[in-house]
Enquirer: 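Take this structure, written in structure tokens, and hold onto it; I'll ask about it next.
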Amino acid sequence: MDRFSLIFTPFLPWPVIAGLGVAALAVAGLAIFARQRGGWLRLAAFGLMLLALANPAFVTYDRDKLNDVVAVVLDRTGSQRLADRTAQTDRARDEVLRQLNARPGTDIRVIEVDERDADVDGTRLFETLQAGLGDVPPERMAGVIAITDGRVHDVPANARALGFQAPVHALITGREGERDRRLEVVQGPRFGIVGKDVQVAVRVVDSGVRPGAPANVIVRRGGQVIARRTAAPGQIVRVPVRIENAGQNLIEVEAESLPDELTLLNNIAVLPIDGVRDKLKVLLVSGEPHAGERTWRNLLKADGNVELVHFTILRPPEKQDGTPINELALIAFPTRDLFVQKIAEFDLIILDRYANQSILPPSYFENIVRYVREGGAVLLAAGGEFAGPGSLSTTPLMQILPARPVGNPIERPFLPRISPIGERHPVTRSLPGWDRDNPQWAPWFRLVAAQATAGASVMTGPDDLPLLVLNRVQKGRVAQLLSDHAWLWARGLGEGGPYIDLLRRLSHWLMKEPELDEEALRMTARGRVLTIERQTLAEKVDDMRLIGPDGDELKLTLTQAEPGLWRTNFNARRQGLHRVIDGERVAFANVGPPNPREFREVTSTEEEMRAVLEQTGGGVRRVEQSGRFNVPRIVDILGGTRYAGSDFIGLKPADAYIVKGAGLTPLALGLTGLALLLGSIILTWLREGRSRFRRRA
């Protein structure tokens, strides 16, 4: 395609030419004013001279028009998968592409908006549009057609932010009169102290519904219902929630559904609250001074989060000299204060080589039993006294102890071993130095011969006798260590042993640290990768059910990562709340932001984008109205500022070309022409002057 243009390549700078023009105009003007002959001729000559100095030329361009670019933006985010919006989007896309393909000279750029980045919150339509057009010059843009439900969370403040001057249109999916109920989190603390209540505040919001009856709100913790409330739409509901354990506590709040609402996904809000312990209060009662007593004390005192109360009984049972019990210590042993009034304040009670010396009456042991059944924890570190006449097995405490003595203590070197079930238990699994055939740790020299009557024997001694037995008793936990020689590892006898790992894991298991639960289902999210873990004492696990945020369900097969721990990874396709189910166990994980904006409001709307789209000359309209599906005509608008009407949407034809060649045709003859022109002017001037001289003569 050819196009002409006029250019100037002056021989002198433009200011000089302008000065000459002013001088020429003055001289010619005086001549004309004086009515001299040839005045107008001089003015024409000066004009031609100045034109020659400007050196004009015609440039002929050989160029081809570039195709117009039209962007078709498809919203594929979560809210677009509700009801039949996906089908509407596909149908509208097909019709738009059909019309654009029939338009000559058009490059179609199809751009899809999805939650590809797990950290992106909401529908980022305009950001994705700009990224998709990053290689397109603005002058080639003829228009943008977006197919969306209108719930866009990055609408620019004005059309200038788009970076191009072309109309943007929106075709809205969904239907008028949609109804939905959502649950908004007004107050959701991130942290809470274990054993204390935190306040959770939520609000039920109805869209497209007339004010109606109150809604039922259910609060769950770990899948168990802990509270029920009734709230009118718009009313803030506050619920106290007890933080039961350290680590993550998943609180699920659900609002009663409406008939025919768009989705139930935003009826549920999940609050991950990290439980932190204010102070771990531990009571250590040592039956008599012995070498291992300091090991327990040093271990517990080294943890700044532990508040330790320690008492030692100074007189062993075999030394009876008639001294009254209340005179054996400078400070009286506050038995009633500890075992009656304040027993519930302790997170753990350790009885270290404690024998029944009638210091604690049977009712106090009953209190300890009740304390465990209601959620407390007891560790019995036994020595030879457990097999003697003062054994605690003769007290009410035997109701909760998982092993009973069956003979005299065995006193010979032996290597503590992890039992087959202990290899799968998180307390003893993969202890440093463990080898089934040759443990790399030092021997112990004493073991109380006992028989396990409950729980799991996770460590054994000679003849496979139980060494460490763990048991759950209703809400509480009990552990029995049937040797008092763990301190040998602490002293570095021989190769030593992992006493810190063992005793710390043991105490944390007793105090219900969730990562040490022997039966647990966990799911964590890192980006879009979900990691599902099943901790179990069983030798195999069944397939899990994974339910995505859109209700899709699939089966997951876990593989054994190490004894007792099964794991798999899954790449989530969608943002939102995922849950994995194994029988009665349920675990949650959220991909992307908690309670994402994508599902806070899901009813379709024409208003959020209208202002900025109308600034571009575009328009907003639904693809389905009154039950009729209608994509408007796409036409070219050659002039004006409005590109949308009742039955059409317009494109602005771009004016972009690529130049293949150019030809130059000068209008003057360059310097030669200029010299000839000047010569003719001078000759004319001289001739006029000679003629004037003759007339005077």
Side-chain angles (χ1 to χ4, degrees), residues 75-82 86 112-124 128 220-224 247-254 263-274 424 426 429-430 514-600 602:
D75 184 353
R76 298 294 191 184
T77 55
S79 60
Q80 274 284 81
R81 294 188 291 274
L82 301 178
T86 298
E112 292 199 355
V113 184
D114 203 349
E115 310 102 326
R116 292 183 176 88
D117 188 346
D119 296 327
V120 171
D121 190 9
T123 299
R124 318 300 294 182
T128 308
R220 298 183 181 91
R221 180 182 52 230
Q224 302 296 319
Q248 191 176 80
N249 294 255
L250 280 174
I251 309 302
E252 180 184 359
V253 188
E254 181 178 3
T263 179
L264 301 180
L265 294 176
N266 54 4
N267 292 44
I268 300 175
V270 175
L271 308 174
I273 303 176
D274 287 331
R424 300 191 294 270
R429 180 178 60 225
S430 302
E515 66 270 15
L516 290 166
D517 280 347
E518 59 269 47
E519 297 291 338
L521 178 63
R522 307 181 186 95
M523 181 165 58
T524 57
R526 178 170 294 180
R528 282 193 175 272
V529 179
L530 292 170
T531 300
I532 298 95
E533 288 186 342
R534 176 71 167 94
Q535 164 66 51
T536 180
L537 299 182
E539 296 183 356
K540 62 179 183 178
V541 297
D542 297 328
D543 290 344
M544 310 289 171
R545 295 165 52 210
L546 179 67
I547 301 176
D550 48 8
D552 292 344
E553 181 175 328
L554 56 87
K555 286 187 177 181
L556 294 178
T557 300
L558 279 62
T559 57
Q560 183 170 285
E562 52 185 297
L565 187 63
W566 302 70
R567 182 183 298 132
T568 191
N569 293 325
F570 176 76
N571 288 316
R573 298 186 301 273
R574 309 294 184 194
Q575 285 187 354
L577 182 67
H578 293 70
R579 68 180 70 197
V580 63
I581 302 173
D582 178 27
E584 296 182 354
R585 289 183 173 82
V586 181
F588 301 88
N590 192 76
V591 175
N595 308 305
R597 296 173 65 184
E598 185 65 29
F599 291 104
R600 291 182 196 170
V602 294

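Position 1 is the first residue of the sequence; numbering continues from there.
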Enquirer: Does Val586 form a side-chain contact (heavy atoms from CB on, under 4.5 Å) with Val580? I'd like the steps, not just the answer.
Expert: CA-CA 6 Å; Val586 181; Val580 63; over 6 Å; no
Enquirer: Hey, could you give me the CZ/OG1 distance between Arg76 and Thr128, rounded to the nearest 0.5 Å?
Expert: 13.5 Å
Enquirer: Among all residues two or more places apart in sequence or in another chain, which pass the salt bridge (Lys or Arg N to Asp or Glu O under 4.0 Å) test with Glu539?
Expert: none
Enquirer: So, using side-chain hydrogen bond (donor to acceptor under 3.5 Å, both in side chains) as the criterion, who are the partners of Thr86 when residues are at least two apart?
Expert: none
Enquirer: Suppose we screen for salt bridge (Lys or Arg N to Asp or Glu O under 4.0 Å). Which residues come up paired with Arg522, at least two apart in sequence or across chains?
Expert: none
Enquirer: Grab the two heavy atoms, one from Val591 and one from Gly527, that are nearest each other, plus how far apart they are.
Expert: CG1-O, 3.7 Å
Enquirer: Tell me the closest heavy-atom pair linking Leu530 and Ala525, and the distance in Å.
Expert: CD2-CB, 3.7 Å
Enquirer: For a quick test of your reading: what N or O donor-acceptor pairs under 3.5 Å do the side chains of residues 564-571 make, sequence neighbours left out?
Expert:
unit_1 : atom_1 : unit_2 : atom_2 : d
Arg567 : NE     : Glu533 : OE2    : 2.8
Arg567 : NH2    : Glu533 : OE2    : 2.9
Asn569 : OD1    : Thr531 : OG1    : 2.9

Enquirer: Any side-chain heavy-atom pair from Glu518 and Arg429 closer than 4.5 angstrom?
Expert: no
Enquirer: Please round to the nearest 0.5 Å and tell me the distance separating atom NE2 of His578 and atom CG of Asp552.
Expert: 9.5 Å
Enquirer: Hey, could you give me the NZ/CG distance between Lys540 and Leu558, rounded to the nearest 0.5 Å?
Expert: 14.5 Å
Enquirer: By side-chain hydrogen bond (donor to acceptor under 3.5 Å, both in side chains), which residues pair with Asp75, not counting sequence neighbours?
Expert: Thr77, Thr148
Enquirer: Quick one: closest heavy-atom pair of Phe588 and Leu250, and the distance?
Expert: CB-CD1, 3.4 Å
Enquirer: Not counting sequence neighbours, which residues clear side chain to side chain contact (heavy atoms under 4.5 Å, CB included) with Asp542? List them please.
Expert: none
Enquirer: Taking only residues two or more places apart in sequence, or in another chain, which ones meet Glu553 in a side chain to side chain contact (heavy atoms under 4.5 Å, CB included)?
Expert: Arg545, Ile547
Enquirer: What pairs with Arg81 under salt bridge (Lys or Arg N to Asp or Glu O under 4.0 Å), at least two apart in sequence or on another chain?
Expert: Glu115
Enquirer: Would a 4.5 Å heavy-atom cut-off, applied to side chains only, mark Val253 and Ile268 as touching?
Expert: no
Enquirer: Applying salt bridge (Lys or Arg N to Asp or Glu O under 4.0 Å), name anything that partners Arg534, two or more places apart in sequence or on another chain.
Expert: Glu519, Asp582
Enquirer: Who pairs with Glu254 by side-chain hydrogen bond (donor to acceptor under 3.5 Å, both in side chains), at least two apart in sequence or on another chain?
Expert: Arg220
Enquirer: Of the non-hydrogen atoms in Ser79 and Val602, which two are nearest, and what is the gap between them?
Expert: CB-CG1, 4.3 Å
Enquirer: For a quick test of reading the model, state the closest non-hydrogen atom pair linking Gly583 to Ile581 and the distance between them.
Expert: O-CG2, 3.5 Å
Enquirer: Any side-chain heavy atom of Leu546 within less than 4.5 Å of one from Arg579?
Expert: no
Enquirer: Residues in side-chain hydrogen bond (donor to acceptor under 3.5 Å, both in side chains) with Thr557, at least two apart?
Expert: Asp543
Enquirer: Nearest 0.5 Å, what's the CD-CD distance between Gln535 and Glu515?
Expert: 11.5 Å
Enquirer: About how many Å separate CG of Leu82 and OG1 of Thr263, when rounded to the nearest 0.5 Å?
Expert: 5.0 Å
